Trainee: 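Quick one: structure below, then a few questions.
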Amino acid sequence: MQQQSALYNVVLHLGDNALILGHRISEWCGHGPVLEQDIALTNIALDLIGQSRSYLDYAGKLSGKNLTEDDLAYKRDVLDFKNLLLTEQLNEDFAITMARQFYFDVWHQLALQQLQHSKDETLRDIAIKSLKEVTYHTRFSSEWVIRLGDGTEESKQRMQEAIEDMWMWTGEMFEQTPEEKELVEQGIYFDAPALKDAWTARIKEVLDEATLTMPTDEWMQTGGKSGVHTEYLGFILAEMQFLPRAYPDATW
Amino acid sequence: MVATETRIQQAWQVLNAVEDPEIPVVSIVDLGIVRQVFVQENTLQVHITPTYSGCPATQVIEDMVIDALNAANMHPFQVKTVLSPAWSTNFLTDEGKQKLEAYGIAPPAEDSVDKLALMGEEKQIACPLCKSTDTKMVSQFGSTPCKAHFKCNDCLEPFDYFKCLV
């Protein structure tokens, strides 16, 4: 495995988060509980996939091997993806999808708020642009958690189970490698551990309004940035990468 | 050799005639997609910016700009997509907003972020058809990334709202 630059790795992390989550949400297309939410979910997926293009395009340039966004999206295997494990989790039902989205969006918004001041111009520009869209995502997922939590008996039960099921995937969001720490000190990257308090406070605020019980801390599963993924990523990639792998000469 | 000033003016005219592929009543200039037009070492530089990150029209618009500049014989030119400054609905011209409304799409309400996504309490958006302000947001996300879905409680017609992105 060649030595990759620290910047390349974090840009891939950001791009892969958006790509995998975007793909996951897109699985709702045509299966939404009501048309308006089907459209809302696919809009969010589209925003994320658009953002991942910007990151992967930049990563391609950083790779030193003249890679394109498509090379990175469609030709890497599981071990080379660096997304958070949270983004790989199954859609299952609308409650799980909203819990996953809510935990991710709050983190994503906080991370982008820091990244918009990055000394790296490209990261800074992508962050400024993405933040406008992610602000809408965060509103959407937070409000659905509230509506479902403070809803019917069934929606409350499903939402409570969902926020508890997704909790073990959230610890990973606040980890930091020594490489990343250096990038933070250089003013290039956001400080993930420093986001934890603000994130937790915001989660609690929404869960309180949703009349849900905050999950208690437990074992946190991690490994995404080292390429140690859940069993789901293989299946996601098999579907997402099938066409370019089966028809390598295909063009639009 | 055409004077630089004239060349830039011409370019703006050409660009003003490039219709948005999704909303053909407005031009990409009305939408604030064209950010800069200047001449550098004799080459006409046109900078455009994508609206939403995932906007599927972005590539089409770039192709249309190249076609239009080719057809108007504006060589030598270069079209560049820039991410900064990030596109905002504040870039919409007043003319663009009027054209949107006439077409049946409620233009973005003045300069402030749309409030809650689901819980009502939206600022009052006027129905582009009957002009009533008794309207309701059905979803913050509509038929395209840039639009939200509204319903008029008066005339009962659904309509699109061009979302504030600031």
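Note on naming: letters A, B, ... go to the chains in the order of the sequence lines (proteins, then strands), and numbering restarts at 1 for each one. Computed from a predicted model, the values in this text were never measured in an experiment. We use all heavy atoms of the structure for the numbers below, so side chains are in, but hydrogens, waters and symmetry mates are not.
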Trainee: Does A:Lys156, at its NZ atom, have more than 12 non-hydrogen atoms belonging to other residues, nucleotides or ligands within less than 6.0 Å?
Mentor: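 Counting other residues, nucleotides and ligands, NZ of A:Lys156 exceeds 12 neighbours.
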Trainee: Would you call the rings of A:Phe140 and B:Phe141 parallel, tilted or perpendicular, where under 30° means parallel and over 60° means perpendicular?
Mentor: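 Ring orientation of A:Phe140 relative to B:Phe141: perpendicular.
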Trainee: Can you see which heavy atom on B:Val166 is nearest to which on A:Lys132, and at what distance?
Mentor: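 Scanning both residues, the minimum pair turns out to be C-NZ, 3.3 Å.
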Trainee: Which of residues 53-78 of chain B get closer than 4.5 angstrom to chain A, counting heavy atoms alone?
Mentor: B:Ser53, B:Gly54, B:Pro56
Trainee: Step by step, would you call A:Ser54 with B:Leu83 a side-chain contact (heavy atoms from CB on, under 4.5 Å)?
Mentor: CA-CA 9 Å; A:Ser54 297; B:Leu83 276 187; 4.2 Å; yes
Trainee: Could you tell me the separation between the CD atom of B:Gln140 and the NE2 atom of A:His137, rounded to the nearest 0.5 Å?
Mentor: 10.5 Å
Trainee: Heavy-atom cut-off 4.5 Å, strictly under: side chain, backbone, both or neither for A:Leu46 against chain B?
Mentor: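 Both backbone and side chain of A:Leu46 come within 4.5 Å of chain B.
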Trainee: Please tell me if the side chains of A:Asp47 and B:Pro145 come closer than 4.5 Å, counting only heavy atoms from C-beta onward.
Mentor: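 In short, these two side chains touch, coming nearer than 4.5 Å.
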Trainee: Please indicate whether A:Lys119 has more than 12 foreign heavy atoms, meaning atoms of other residues, nucleotides or ligands, lying under 6.0 Å from its NZ.
Mentor: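 12 or below, so no.
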Trainee: How far does OH of B:Tyr52 sit from CG of A:Asn43, to the nearest 0.5 angstrom?
Mentor: 9.0 Å
Trainee: Between A:Lys129 (side chain only) and B:Pro50 (backbone N and O only), is there a donor and an acceptor less than 3.5 Å apart?
Mentor: yes
Trainee: Side chain, backbone, both or neither: which part of B:Thr51 has a non-hydrogen atom closer than 4.5 Å to chain A?
Mentor: backbone
